[in-house]
Amino acid sequence: MGMQEIFEGIHYRTGQPIEVQVGDGRITEIRHKEIGIPRNHIAPGLVDLQINGFKGIDFNEAGLKKEDVVAMTHSLWEAGTTSYYPTLITNSDANITSAIKTIVQACRDVIINDSIGGIHLEGPFLSKEEGPRGAHPPEHIKAPDWALFCEWQKEAEGWIKLITLSPEWPGSIAFIKQCVASGVTVSIGHTSAAPERIAEAVAAGAKCSTHLGNAAHLMLPRHPNYIWEQLAQEHLWATLIADGFHLPDSVLKVFLKVKSGKSILVSDSTKFAGMPPGPYQSHIGGEIELDDTGRLFLKDSPGLLAGSARSLLECVDHLINRGLARVDEALDMASLKPMELLQKVPVNDLAKNNKADFLLFERNGDKIEIIHTVKSGKIVYSL
């Protein structure tokens, strides 16, 4: 690849034909394209804040190797995700430490390091209650422990950037303040906290709700409850799993309206995302099944989901196809918005001097089809 390379496409937001010039991993120039209309569109690369696994690899299974992290990164590029946050769920202290070490080792490779924005620690400081706990193993759930978190952060070389916790524990407000002071973004999730505790957590610096509307009791008091409280908190962002199964369209529609400008799409994908339909064995749910619509459920209780098996790109498609968001809005929620939450500015936009992370795509029928994924100025996937 030469020093400067030019990519052409129709800007996903303005509809104007543009040329994007790239050099040294960054966008060096963007200009209007004068002659000929390109067939493909161009948009920022997707950023996924919550990935437990993908295409047969799971960050939370024992024996994770750095080669697995590299392989998963390649699979994610293919699905349009140029940056992601490996998500470590509730586990034994030793298993969490081991997964952190493996991810850090994989980041010794420059382009993998560029593709991993940080680690998302989802647990073990969550609710023990049935419903809010979700599929997290109850034997490892505990109260927030700052000394333990600091040990993990040391192993992670400062790479834990996002933590999901429940503020219902005594001491959790002080813990949130310590996280925020150390530069870690705090998200509320897997919670059965009273509304007052949610409000206290936000006052202490919690910035987000993790997969709002999921990991909740099946039956809640009409009001007040922890979902209304999170919706009403102006400063809270919300991450949403828009895979078509986790939240009904009516709920997505309301959440997107209330959290306008502060909604982020996440895949929350398990290792079964990107896999063919069929029966599988899971270290969390046991016997599970993936049907041809992409729904992942427990074999013995088909009404219960066993996690998500859709990519972030498929979640973008779902919002567009259901008329819940325009193409540019859905793409923004899966690219610029996550970066705005974590870095206060949408660093992932198609703009001069920003990192050259973008997608060239065509929208065929009801699907976005990726032609090229460009990461740090290099084509890392081509159709």
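Values below: every heavy atom of this structure, side chains too, minus hydrogens, waters and symmetry copies.
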Practice prompt. Answer yes when Lys55 and Glu78 have at least one side-chain N-carboxylate O distance shorter than 4.0 Å, and no when they do not.
Written response: yes
Check your understanding: Is any NZ, NE, NH1 or NH2 atom of the basic residue among Arg363 and Glu369 found under 4.0 Å from an Asp or Glu carboxylate oxygen of the other?
Key -> no
Check: Would Asp93 and Lys142 pass as an ion pair if we require N to O under 4.0 Å?
Finding: yes
Exercise. Thinking salt bridges, do Glu168 and Arg197 make one under a 4.0 Å N-O criterion?
Worked result: no
Salt-bridged, Asp317 to Lys367, with N to O below 4.0 Å?
-> no
Donor-acceptor contact below 3.5 Å, side chain Asn91 vs main chain Pro124
no
Answer yes or no: are there more than 12 heavy-atom neighbours, outside Lys33 itself, under 6.0 Å from its atom NZ? yes
Closest non-hydrogen atoms of Thr270 and Ala306, given as atom of the first, atom of the second and distance, are CG2-O, 4.1 Å
Notebook entry, point to check: Do Glu200 and Lys177 sit within salt-bridge range, that is, some charged N less than 4.0 Å from a carboxylate O?
Noted result: no
Requested in this report: For Lys271 and Glu61, run salt bridge (charged side-chain N to carboxylate O under 4.0 Å, His left out): C-alpha distance rounded to whole Å, both residues' side-chain angles, the deciding distance at 0.1 Å, then the answer.
Outcome: CA-CA 10 Å; Lys271 71 175 187 178; Glu61 275 181 14; 2.9 Å; yes
Taking every heavy atom of Ser376 against every heavy atom of Lys355, the minimum-distance pair comes out as OG-CD, 3.9 Å
Any carboxylate oxygen within less than 4.0 angstrom of a Lys/Arg side-chain nitrogen, looking at Asp243 and Arg295? no
Are the charged groups of Asp332 and Arg13 less than 4.0 angstrom apart, N to O?
-> yes
Checklist entry - Is Gln153 reaching over with its side chain to a backbone N or O of Ile160, donor-acceptor style, under 3.5 angstrom? => result yes
Taking the six-membered ring for Trp, are Phe59 and Tyr84 parallel (under 30°), tilted (30 to 60°) or perpendicular (over 60°)?
parallel
TODO: Mark yes when over 12 heavy atoms from residues, nucleotides or ligands other than Arg31 sit less than 6.0 Å from its CZ; otherwise mark no.
DONE: yes
**Asked** Under a 4.0 Å N-O cut-off, is there an ion pair linking Arg26 with Asp24?
**Response** no
Quiz item: Can we say Glu151 and Lys154 salt-bridge, meaning some charged N sits less than 4.0 Å from an Asp/Glu carboxylate O?
Solution: no
Scanning both residues in full, the closest heavy-atom pair of Ala242 with Leu265 reads CB-CD2, 3.9 Å
Worksheet item: Taking the inter-plane angle between the rings of His217 and Tyr226 on a 0 to 90° scale, is it parallel (under 30°), tilted (30 to 60°) or perpendicular (over 60°)?
Response: tilted
pair Asn353-Ile27: side-chain heavy atoms closer than 4.5 Å
no
